[in-house]
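As a basis for the values below, the full set of heavy atoms in this structure was taken, side chains included, without hydrogen atoms, waters or symmetry mates.
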Amino acid sequence: MPFLQGILSLALASATLAAKDDLSHVKPLIGSTNGGNVFAGASLPYGLAKPVADVDGQNTGGFSTDGSNVTGFSHMHDSGTGGNPSMGQFPLFPQTCADNVVDKCKFPKMARATPYKMGSVDAKPGYFALELQSGVKAEMTVSRRAALYRFTFPEEMTADGSLLDPLISLDLTDLWDSRQNATVSVESEAGRIKGNGTFLPSFGAGYYQAFFCADFVGAEVKDSGIWVNDRAGSEPKELFVTRGFNNFYLQAGGYMSFERPVDGVVTARVGVSYVSTEQACSNAEKEIPDPLGGFDKLRQSAEDAWSEKLEPIKITSGGTTDNMLAAFWSGIYRTMLSPQDLTGENPLWQSDEPYFDSFYCLWDAFRAQHPLLTILDPQAQSRMVRSLLDTFKHEGWLPDCRMSLCKGWTQGGSNADVVIADAYVKNLTGIDWELAYNGMVNDAENEPLEWSYEGRGGLQSWKRLNYIPYLDFDYLGFGTNSRSISRTLEYAYNDYVLSIVAKGLGKGDHTRYLSRADNWQNIFKEDQTSFLANGTDTGFRGFFQPKYLNGTWGFQDPIACSALATFCSLTSNPSETFESSIWEYLFYVPHDIAQLIKFIGGPKEFVARLDYFHESGLADIGNEPVFLTVYEYHYAGRPALSARRAHSYIPASFNATYSGLPGNDDSGAMGSFLAWSMMGLFPNPGQNVYLITPPFFEAVEITHPETKQTAIIRNVNFDKTYENIYIQSAKLNGKPYTKSWIGHEFFTEGMTLELTLGDKESNWGTSKEDLPPSLSDGIAQDEMQVA
Ligand SMILES: *[C@@H]1O[C@H](CO)[C@@H](O)[C@H](O)[C@H]1NC(C)=O
Ligand SMILES: *[C@@H]1O[C@H](CO)[C@@H](O)[C@H](O)[C@H]1NC(C)=O
Ligand SMILES: *[C@@H]1O[C@H](CO)[C@@H](O)[C@H](O)[C@H]1NC(C)=O
Ligand SMILES: *[C@@H]1O[C@H](CO)[C@@H](O)[C@H](O)[C@H]1NC(C)=O
Ligand SMILES: *[C@@H]1O[C@H](CO)[C@@H](O)[C@H](O)[C@H]1NC(C)=O
Ligand SMILES: *[C@@H]1O[C@H](CO)[C@@H](O)[C@H](O)[C@H]1NC(C)=O
Ligand SMILES: *[C@@H]1O[C@H](CO)[C@@H](O)[C@H](O)[C@H]1NC(C)=O
């Protein structure tokens with residue numbers, strides 16, 4: 001036994017060493033400015049506790065490198081989101097008060113906001129640190145539901161020569177001051193401040209409660225109390241605040257000051273919970289039993305947790321730059337910050353099932369992020385699907401967007417359907433498929449009263465007319481009555497993936513959903529033109545258009561809502577397409593691209609459209625609907641053009657700089673696009689299909705965490721300057737392979753794909769039988785263009 005153990009731990013040690021190496025490429029500050037909104041602080045994979053410094057500038061994810069000032073250090077965040085700044089409750093702020101007079105400390109948020117020292121920011125997986133202009137250094141690390149902070153205070157004197165006392169205040173607020181009622185209580189003897197508050201979700205309906213329990217160790221408590229606005233006092237020790245009066249937001253909280261310890265270090269351990277203050281305290285006590293001596297050990301275990309998550313992937317870089325490696329590994333890292341595992345922290349219902357939160361939003365994440373988790377962390381992905389299903393069971397609907405225990409706003413279709421179908425076609429285990437089927441049918445058949453945050457709207461029209469009408473007459477349910485084009489397209493795909501699951505489960509109704517999958521065809525207007533703003537005819541004919549209830553066409557300019565016109569969101573400037581133009585939605589028929597190509601006039605015309613779309617400024621690479629369009633050349637028999645297109649965006653729009661993301665990371669959705677693109681496979685979610693392009697590295701190996709089989713994609717003639725990006729020929733497990741796509745078995749069975757590259761487009765993947773599958777396998781061989 002001891003001998004065996006020795007060998008095992010040796011093997012483990014070397015595996016961990018390789019993963020550590022990869023971990024050093026992760027740069028949490030990528031996307032920390034320019035609207036990336038990434039969370040740059042310390043977290044475990046899918047962790048609830050997420051401490052970081054909060055700033056008063058671009059603070060949707062807490063911290064930003066936009067040069068704005070630090071307002072505190074808080075313990076819960078979201079990453080990359082686009083709504084209001086998310087969470088950031090109960091920030092701590094370390095300072096000293098002039099002359100040791102507590103009223104000379106700065107309590108309100110804007111009064112205490114302070115710059116940090118340039119170059120002091122240190123962000124690593126599981127660790128974040130910076131130094132404030134005041135000389136206070138803040139370091140933080142994390143367990144699943146608790147944060148550990150080490151604040152080092154400089155030695156400062158009062159005018160009469162005594163030492164200034166370290167003081168730490170706690171603010172009963174969050175990032176966007178959404179707090180309603182809150183309570184704080186200060187236990188001087190125990191060195192503990194605890195409490196709770198009610199807050200609003202950053203992109204959803206209702207409100208939620210959050211609880212905290214902060215313990216201060218390593219320094220003797222000198223004074224403690226509460227503060228309100230800019231005044232503080234050591235009596236009383238408890239405080240209840242409402243939102244405020246006359247629109248005047250009350251700022252209040254607790255504080256503790258300390259005898260300055262010799263080393264200047266005051267340690268704060270903050271447990272958080274969505275259940276109770278008691279649970280916040282017990283989370284902290286259980287997960288961080290030794291706050292004073294355990295910082296380095298805790299940091300190490302956070303690092304180890306990340307190493308383990310990155311372990312399935314091995315990259316042979318072939319001389320690729322460190323920046324490309326950093327962009328890649330950081331992209332993968334960010335896909336595991338959210339959704340957050342709140343199992344045991346759900347106050348809404350009793351269940352033994354896992355509970356995940358911060359699906360923010362599935363409209364973003366279904367396309368690439370959940371498929372990525374399916375290959376790298378299938379157990380976690382399966383638990384996420386189970387959580388979606390348990391939410392359906394207890395709240396009546398599958399979530400579409402969900403944050404902070406609240407229902408988030410639905411952006412288009414019911415895209416949990418796609419996440420479920422993707423898990424189904426890829427054989428994820430542990431999922432109750434009958435329950436899944438029921439949840440999907442519920443989306444497809446029953447209209448909720450309020451479809452702004454669950455299910456689908458306009459279902460009467462959907463069933464009767466087979467499209468979502470422009471200005472629908474919908475008296476069954478209510479939501480933003482817009483997006484008729486994008487909802488038609490998304491509902492059609494949602495019904496398609498439901499038909500796949502229904503068929504697999506032997507349900508007779510699969511044909512009904514299969515026929516609804518064609519509904520996109522009903523809003524295609526063959527003779528629709530598209531002009532640029534200066535009046536130039538793009539020359540293309542045939543676009544989706546809004547259609548009234550009576551069957552008459554409405555009109556939306558195909559370039560509206562693109563970068564060449566004005567942005568359209570749910571609330572500002574709602575239109576018939578969500579956050580994207582008709583041009584961009586033109587390509588959203590993921591299940592039947594062959595038929596779409598026919599509608600558009602054949603493969604040659606389709607390629608011309610895609611090229612124009614990507615080269616004219618119409619494509620918005622910073623928003624998720626664009627993802628699949630980068631790879632749709634495959635369906636027209638031109639996989640080489642997909643590879644070329646991917647290189648046009650990486651690294652120009654996705655790179656390792658602080659501003660290296662073209663838009664919100666959306667909980668890692670952008671990171672997952674980047675990761676798949678660089679690995680040389682791109683999923684068409686909900687289908688057992690990955691589109692093949694050459695990896696950006698010499699080789700990529702992915703070991704399936706369950707089957708332990710290793711899938712390998714290797715480039716022959718790899719060229720780190722990316723001249724050779726065109727596949728000349730391919731071999732699968734040593735045998736010639738001409739299809740431009742591959743199924744999930746590639747990963748589960750651990751196949752080897754060898755791609756021989758050249759600097760010119762070849763005939764590889766161009767024949768009809770090599771195309772990825774479409775519902776109606778529409779293109780005749782004589783229509784295919786030979787490269
Ligand atoms: C940051 O705080 C400093 C000092 O209080 C102030 O001078 C500066 O204007 C603030 N910077 C920003 C971006 O608000
Ligand atoms: C806040 O407190 C007030 C006064 O106690 C109470 O009437 C109100 O219902 C509370 N609101 C919330 C959201 O807790
Ligand atoms: C918040 O804490 C106060 C004081 O302990 C308590 O009275 C109140 O019930 C708590 N609120 C919730 C929602 O638990
Ligand atoms: C899923 O399981 C079925 C039945 O065992 C099998 O036929 C199919 O190939 C599997 N699919 C994948 C993607 O592994
Ligand atoms: C119209 O705009 C397009 C795109 O910016 C440009 O290529 C074209 O030359 C312009 N045409 C005229 C007539 O200004
Ligand atoms: C259909 O409805 C639209 C919108 O109300 C209206 O403008 C149009 O004239 C109607 N068409 C017919 C044929 O009645
Ligand atoms: C990195 O990406 C950002 C965001 O898309 C872009 O603005 C910037 O130009 C890129 N930088 C480089 C060096 O490619």
Side-chain angles (χ1 to χ4, degrees), residues 21-27 30-31 310 312-335 368-369 371-372 375-376 614 621 626-631 633-634 639-657 660-662 665 668-683 690-702 710-728 730 740-742 746-747 752-762 764-765:
D21 206 33
D22 301 332
L23 201 62
S24 71
H25 290 295
V26 175
K27 310 283 182 217
I30 294 174
L310 300 187
I313 312 173
K314 191 166 164 279
I315 295 296
T316 306
S317 77
T320 321
T321 63
D322 279 356
N323 279 339
M324 293 295 260
L325 286 165
F328 173 76
W329 286 108
S330 307
I332 290 174
Y333 163 82
R334 295 197 308 274
T335 65
Q369 182 172 0
L372 186 68
I375 64 161
L376 298 182
H614 284 288
I621 197 63
V626 80
F627 287 179
L628 198 58
T629 71
V630 173
Y631 294 94
Y633 295 98
H634 272 69
L641 300 185
S642 298
R644 192 169 75 186
R645 192 58 66 199
H647 281 276
S648 79
Y649 289 120
I650 303 168
S653 298
F654 298 83
N655 52 61
T657 63
L661 288 175
D665 194 41
M670 289 283 153
S672 65
F673 170 79
L674 179 61
W676 278 117
S677 295
M678 295 184 84
M679 288 194 298
L681 291 169
F682 203 82
Y690 299 93
L691 307 172
I692 302 169
T693 49
F696 283 52
F697 310 108
E698 188 174 331
V700 178
E701 295 178 30
I702 296 171
T710 299
I712 303 172
I713 320 174
R714 189 181 301 119
N715 285 321
V716 178
N717 298 336
F718 175 71
D719 154 30
K720 65 182 179 186
T721 67
Y722 301 125
E723 295 290 326
N724 297 341
I725 56 165
Y726 303 112
I727 299 173
Q728 308 296 302
S740 68
W741 64 284
I742 199 160
F746 177 69
F747 295 106
T752 297
L753 190 57
E754 197 175 85
L755 308 173
T756 299
L757 307 186
D759 62 2
K760 298 215 167 46
E761 186 172 4
S762 78
W764 178 86

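Residues that satisfy the side-chain contact (heavy atoms from CB on, under 4.5 Å) test with N724, not counting sequence neighbours, are N717, D719, L757, D759. A search for ring pair (Phe, Tyr, Trp, His ring centres under 6.0 Å) contacts involving F746 returns nothing, not counting sequence neighbours. Scanning for ring pair (Phe, Tyr, Trp, His ring centres under 6.0 Å) contacts around Y633 gives an empty result, with sequence neighbours left out. Scored by the side-chain hydrogen bond (donor to acceptor under 3.5 Å, both in side chains) test, S330 finds no partners at all (sequence neighbours excluded). Applying the side-chain contact (heavy atoms from CB on, under 4.5 Å) criterion to Y726, with sequence neighbours excluded, gives A640, R644, Q728. Applying the ring pair (Phe, Tyr, Trp, His ring centres under 6.0 Å) test to Y722 and every residue at least two apart in sequence or in another chain returns H647, F696.
Counting all heavy atoms, side chain and backbone alike, I621 lies closest to S653 at CG2-OG, 3.8 Å. The minimum heavy-atom distance between T335 and G671, with the atom names listed, is CG2-C, 4.2 Å. Summarising the geometry of P695 relative to I713, their closest heavy-atom pair is CG-CG2, 3.7 Å, with the distance given to 0.1 Å. Residues Y631 and A646 approach most closely at OH-CB, 3.5 Å, considering heavy atoms. Of all non-hydrogen atoms in A643 and I725, the two that sit nearest each other are CB-O, 3.5 Å. Closest of all the heavy-atom pairs between P662 and M670 is CG-SD, 4.3 Å.
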Discussion item. Between T316 and F697, is the side chain to side chain contact (heavy atoms under 4.5 Å, CB included) condition met? List the steps.
Written reply: CA-CA 6 Å; T316 306; F697 310 108; over 6 Å; no
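Note that the CD1 atom of I315 and the CE atom of M324 stand 11.5 Å from one another [nearest 0.5 Å]. Interatomic distance, L23 CG to L310 CG, rounded to the nearest 0.5 Å: 6.0 Å. Atom CD1 of residue I332 and atom CG of residue L674 lie 8.5 Å apart, to the nearest 0.5 angstrom. Taking CG of L661 as the start and CG of N655 as the end, the distance is 8.0 Å to the nearest 0.5 Å. The CD1 atom of I727 lies 6.5 Å from the CD1 atom of I692; values are rounded to the nearest 0.5 Å. One distance of note links CD1 of I712 with NZ of K314; it measures 8.5 Å at 0.5 Å rounding.
Within the 4.5 Å cutoff, the side chain of F328 has no heavy atoms near those of the H25 side chain. Using a 4.5 Å cut-off on side-chain heavy atoms (C-beta onward), I742 and L681 make contact. At least one side-chain heavy atom of E761 sits less than 4.5 Å from a side-chain heavy atom of L641. Between L755 and R714 the shortest side-chain heavy-atom distance does not fall below 4.5 Å. Annotation: side chain of D22 is not in contact with side chain of I313 (no heavy-atom distance under 4.5 Å). Two residues are said to be in side-chain contact when any heavy atoms from C-beta on lie closer than 4.5 Å; M679 and T693 fail this criterion. At least one side-chain heavy atom of L325 sits under 4.5 Å from a side-chain heavy atom of S317.
Side-chain contact check for T321 and N323: no donor-acceptor pair (N or O, by modelled atom type) lies under 3.5 Å. Donor-acceptor pairing under 3.5 Å is lacking for the side chains of S648 and H614. At a cut-off of 3.5 Å, with distance as the only test, no side-chain donor of H634 or S740 sits close to an acceptor on the other residue.
Evaluated for a ring-ring contact (aromatic ring centres under 6.0 Å, His included) with Y690, the options F682, W741, F747 yield exactly one hit, F747.
Taking the six-membered ring where the residue is Trp, F654 and F673 present tilted rings, their angle falling between 30° and 60°.
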